[in-house]
Amino acid sequence: MPQRLPSSPPILPGLAYIRPLGSGGFADVFLYGQDMPRREVAVKVLPSDVRDPDLRRMFNAEADVLAHLSAHPSIVTVYQAGISADGRPYIVMEYCPGSLAQRYRVERIPVPEVLAIGVRMAGALESAHHAGLVHRDVKPSNILVTTFGAPVLADFGISSSLVRQDADEMLAMSVPWSAPEVIAEQTAGTVSSEVWSLGATVYSLLAGHSPFERRERGQNSREQLRRRIARASYTEISRSDVPPSLQAALARAMSRNPQDRHPSARALGEDLQRVQTELGLAATPLEVPSAAWSPSTGVVDFSDTALRGPTRSHIEREGARKLRDRSGVTGLARDEDTDISAPGPASHRVLPWALAGATVIAAGAVVVAALYATGVL
């Protein structure tokens, strides 16, 4: 099946296009420069054809899930969302210049760094689960690295509710990091399957390949990986600096039987913290919500297919903006991002040249009256 060609970057108010960042199965990501406040941002945009309700549903869900969770220090931050002038929904997010997409394949990542990443991702997933949400696509390429070098979990496009899941959601997964029960399409995602995926991700960062991937060429088709994961036999990582306690923690997280795994992402994070302590490392903070925490907004509607957000009907030219700003309307705050698609009623302000003409006519009338009064006329 041929890959979808990337769409063109939309014109967005207050944002200047810089370059493309990447394309996925259903959206494109571009780098923009934001004018106020001045910073670089990543903009995720649906392609021009948004008639597919499933695409809109996934896009709306990602924006809403991030709104729930992006205050977490290990989850990518969302700034705003809307609809471009050409009708494409977009999300403006924190720009992360790096990711773990390929790094683990070309570099031997130190054990202390992998442990820190694992603990932080455990905190991010625990927070999502506490809010009743599952990510459903935990893998190295969905762990981005911020400008400060901190790992953050991204791409909640196929996330779902822990309570309500539809049968047609079963195929939304990345096979190499999916649990056996997800591969068998017995569930679309649970806390237990997320524990598996996090364990498989940590394994990959240490091993340099996904857990059931073979080095031989032609041995890693989707179906071959499915069969190996279904058998779920843990193979130890062949690195002398990986301690037995870490091997045991990953083996438990990736147990074939969900009942034998860690009961929560938090429990897996605590196991990784114990390995840190054993190695004489400072334990990475496991940032999880308090018992009293709950999302500040309503429940995410994963069936919402509507086009939502502020829409801009046109992009104003710079010359027109300057002319309008000199017309005497000053001191008012303007929020261009909240312009609606339908233009408002026509303004009846008097133009400057009309005022000048009226002044000349009035002055002439005064002069004529004076001449009559003195008997000249």
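Note that the structure is predicted; figures quoted are calculated from it, not measured. We're numbering straight along the sequence, starting at 1.
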Inter- and intrachain pairs under side-chain hydrogen bond (donor to acceptor under 3.5 Å, both in side chains), touching residues 8-22, at least two apart: R19-Y95
Do S255 and N257 have side-chain atoms, one donor and one acceptor, less than 3.5 Å apart?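 Short answer, no.
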Going by atom types only, do R228 and N220 share a side-chain donor-acceptor pair under 3.5 Å?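 Side chains of R228 and N220: pair found under 3.5 Å.
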If the threshold is 4.0 Å, N to carboxylate O, is there a salt bridge linking R266 and D271?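 Looking at R266 and D271, the cut-off is not met.
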Under a 4.0 Å N-O cut-off, is there an ion pair linking K139 with D155? no
Sequence neighbours left out, what passes salt bridge (charged side-chain N to carboxylate O under 4.0 Å, His left out) with R231? Give chain and number order.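 Applying salt bridge (charged side-chain N to carboxylate O under 4.0 Å, His left out) to R231 gives none.
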Pairing residues for E94 by the salt bridge (charged side-chain N to carboxylate O under 4.0 Å, His left out) criterion, not counting sequence neighbours: none
Which Ile, Leu, Val, Met, Phe, Trp or Tyr residues join F148 in one cluster when any pair of side-chain heavy atoms under 4.5 Å counts as a link? none
Is atom CD of E216 surrounded by more than 12 heavy atoms (other residues, nucleotides or ligands) closer than 6.0 Å?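 For E216, atom CD is crowded (more than 12 foreign heavy atoms under 6.0 Å).
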Tell me every residue that passes side chain to side chain contact (heavy atoms under 4.5 Å, CB included) with [X], counting only those two or more places apart in sequence or in another chain.
X: R38; value: D35
X: R39; value: Q34, P37, V41, Y79
X: S99; value: A101, L144
X: V242; value: V111, L206, I237, R239, L246, Q247

Please, which pairs that meet salt bridge (charged side-chain N to carboxylate O under 4.0 Å, His left out) have at least one residue in residues 192-213, sequence neighbours excluded?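 Residue pairs with at least one partner in residues 192-213: R105-E213.
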Are any non-hydrogen side-chain atoms of I83 and R88 less than 4.5 angstrom apart? no
Side chain proximity check, S264 to H129, heavy atoms < 4.5 angstrom: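 Sidechains of H129 and S264: no contact.
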What is the distance from atom CD of E126 to atom CG of L268, rounded to the nearest 0.5 Å? 10.5 Å
Listed partners of Y203 passing ring pair (Phe, Tyr, Trp, His ring centres under 6.0 Å), at least two apart: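 Result, ring pair (Phe, Tyr, Trp, His ring centres under 6.0 Å) vs Y203: Y234.
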Before giving the answer on side-chain contact (heavy atoms from CB on, under 4.5 Å), spell out for V152 and C96 the whole-Å C-alpha distance, their side-chain angles and the decisive distance to 0.1 Å. CA-CA 9 Å; V152 290; C96 298; 3.8 Å; yes
Apply side-chain hydrogen bond (donor to acceptor under 3.5 Å, both in side chains) to R252 and list each qualifying residue two or more places apart in sequence or on a separate chain. none
Residues that R120 engages under side-chain hydrogen bond (donor to acceptor under 3.5 Å, both in side chains), provided they are two or more places apart: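 Scan of R120 (side-chain hydrogen bond (donor to acceptor under 3.5 Å, both in side chains), adjacent residues dropped) gives none.
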Is there a donor-acceptor pair under 3.5 Å between the side chain of S204 and the backbone N or O of A200? yes
Any donor-acceptor N/O pair, S221 side chain to Q224 backbone, under 3.5 Å: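 Judged by distance alone, yes, a pair lies under 3.5 Å.
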